[in-house]
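Positions are given from 1, in the same order as the sequence printed here. What you see is a predicted model; the values in this text were computed from it and never measured.
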Amino acid sequence: MQKKHLTLAVLVTAVWGLNFPITKLALAAIDPLLLTALRFTLAALPWVFFVRRPPIAMGWLAAYGLIFGVAMWALINLGIELGVPPGTAALLIQFSAFFTLGWGVLLFREHLSLGQTLGVGLAALGLISIIFSSPGHATTVGYGLLLMSAFSWSVGNVIIKQSKVREMFAFVVWASLFPPIPLLVLTWLAHGSAPFTTLVTHLEWVSVFSLLFQVYAATHFCYWGWNLLLREYPVSRVAPLSLLIPVFGVAGSMLMLGHRVDFNEGISIALILSALAVGLMKGREPVRIA
């Protein structure tokens with residue numbers, strides 16, 4: 001991977017990691033489904049009037065938008081609201097790396113290097129350890145929602161490869177058109193008008209900052225950068241880089257939310273860092289079978 005792309009990957013994962021504790025700040029005042037709807041509304045509007053639609057089928061845009069808006073980020077927000085700590089949420093979402101590596105093998109006939117195989121094993125140990133060392137206030141449902149969102153992210157990665165889209169920023173903007181309406185409907189069906197009334201009467205600057213960070217940093221910038229990497233490199237090369245996200249997520253939680261890392265969690269983070277280092281070891285290029 002070129003140095004400029006590696007730098008982009010680190011910056012993207014840093015912003016994504018910090019997005020977890022920053023999202024927690026907004027969830028104190030905004031319903032999780034409504035927050036997700038607002039995020040993708042602002043990600044799409046008014047930008048769709050100025051950015052040309054990418055020359056791919058509308059079905060790809062709809063599929064990606066619904067997956068990463070409804071099936072991924074809405075579930076992440078719900079999981080955090082149910083009690084999953086932001087740092088742990090950032091770790092659980094990294095199961096997407098394992099799912100994505102599997103998709104690369106099954107769909108794109110990519111072969112995993114020895115380093116990637118060892119990295120998967122170490123990362124699995126780290127992720128399992130962090131779950132079992134959790135303080136225990138997260139519900140089982142919350143953990144399940146985070147794992148479902150991780151699987152959804154891996155499906156989104158496959159869509160990027162299959163659609164062969166080149167205009168990444170336009171792709172993110174246009175795909176963001178599709179999540180808001182389903183999310184607004186789900187919000188109303190789940191809680192009626194209460195979340196909308198609360199939004200008007202209790203909106204504070206912290207929530208506004210959190211929402212804007214989610215839109216312009218975590219959505220526009222990060223998905224543009226991540227999808228660009230998926231366009232340029234095999235999914236098996238890009239996926240392990242996402243393991244940096246929980247490192248930044250835990251660090252951000254410590255700084256913003258006062259989260260403390262105990263010994264067991266420290267060991268888990270060390271395992272994940274080791275997995276990243278081993279998984280990025282240079283090996284032979286993936287073999288593609290025609």
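Side-chain atoms of S210 never come within 3.5 Å of backbone atoms of L25 as a donor-acceptor pair (strictly under, hydrogens ignored). Using modelled atom types, no side-chain atom of R52 and backbone atom of P55 make a donor-acceptor pair closer than 3.5 Å.
Aromatic ring centres of W174 and F50: separated by at least 6.0 Å.
Side-chain contact between L42 and T219 is absent, with no heavy atoms from C-beta onward closer than 4.5 Å. Counting heavy atoms from C-beta on, the side chains of W224 and L8 come closer than 4.5 Å. Side-chain atoms of L34 and L199, non-hydrogen and from C-beta on, do get closer than 4.5 Å to each other. Taking the side chain as every heavy atom from C-beta outward, I30 and P195 never approach each other to under 4.5 Å. Residues L61 and M58 form a side-chain contact, since some pair of their non-hydrogen atoms from C-beta on lies under 4.5 Å apart. Between V15 and F213, some side-chain heavy-atom pair lies under the 4.5 Å cut-off. Taking 4.5 Å as the limit, some side-chain heavy atom of L229 sits within range of a side-chain heavy atom of H5. A 4.5 Å side-chain heavy-atom check between N77 and L33 finds every atom pair outside the cut-off.
Scanning all heavy atoms of the two residues, the minimum distance from S152 to I67 falls at O-CG2, 3.1 Å. When all heavy atoms of A74 and T36 are compared, the pair lying nearest together is CA-OG1, 3.6 Å. Of all heavy-atom pairs spanning A89 and V84, the tightest one is N-CG1, 3.7 Å. A pairwise comparison of heavy atoms in V51 and F169 identifies CG2-CE2, 4.0 Å as the closest pair. Scanning all heavy atoms of the two residues, the minimum distance from R39 to V215 falls at O-CG2, 3.3 Å. Residues C222 and V12 share a closest heavy-atom pair of SG-O, 3.6 Å.
Taking CH2 of W153 as the reference point, atom CG of L75 lies at 14.5 Å (rounded to 0.5 Å). Put simply, CE on M72 and CG on L146 are 10.0 Å apart, with the number rounded to the nearest 0.5 Å. Once rounded to the nearest 0.5 Å, the distance linking CE of M168 with CZ of R166 reads 7.0 Å. For the atom pair CZ of F20 and CE of M256, the computed distance is 12.0 Å after rounding to the nearest 0.5 Å. Note that CG of L177 and CG of L45 are 6.0 Å apart. Values are rounded to the nearest 0.5 Å. Rounded to the nearest 0.5 angstrom, Q2 CD and E232 CD are separated by 8.0 Å.
Heavy atoms of other residues, nucleotides or ligands lying less than 6.0 angstrom from CD1 of I181 number 12 at most. Counted within 6.0 Å of CE on M148, heavy atoms from surrounding residues, nucleotides or ligands total 12 or fewer; the atom is thus considered open.
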Q: Give the C-alpha distance, both sets of side-chain angles, the deciding distance and a yes or no for ring pair (Phe, Tyr, Trp, His ring centres under 6.0 Å) between H191 and F196.
A: CA-CA 9 Å; H191 304 292; F196 302 92; 10.0 Å; no

Q | Audit row: V173, H220, side chain to side chain contact (heavy atoms under 4.5 Å, CB included) steps and yes/no | A | CA-CA 7 Å; V173 168; H220 280 170; 4.1 Å; yes

Q) Taking it one step at a time, do I76 and W73 satisfy side chain to side chain contact (heavy atoms under 4.5 Å, CB included)? A) CA-CA 5 Å; I76 291 173; W73 279 107; 3.6 Å; yes

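When the options W60, W47, Y64 are evaluated for a ring-ring contact (aromatic ring centres under 6.0 Å, His included) with F171, the one that passes is Y64.
In this pair, F68 and Y223 present their aromatic rings perpendicular. The plane angle is above 60°, beyond the 30 to 60° band. Aromatic ring pairs are classed by plane angle as parallel below 30°, tilted from 30° to 60° and perpendicular above 60°; the pair W226 and W16 is perpendicular.
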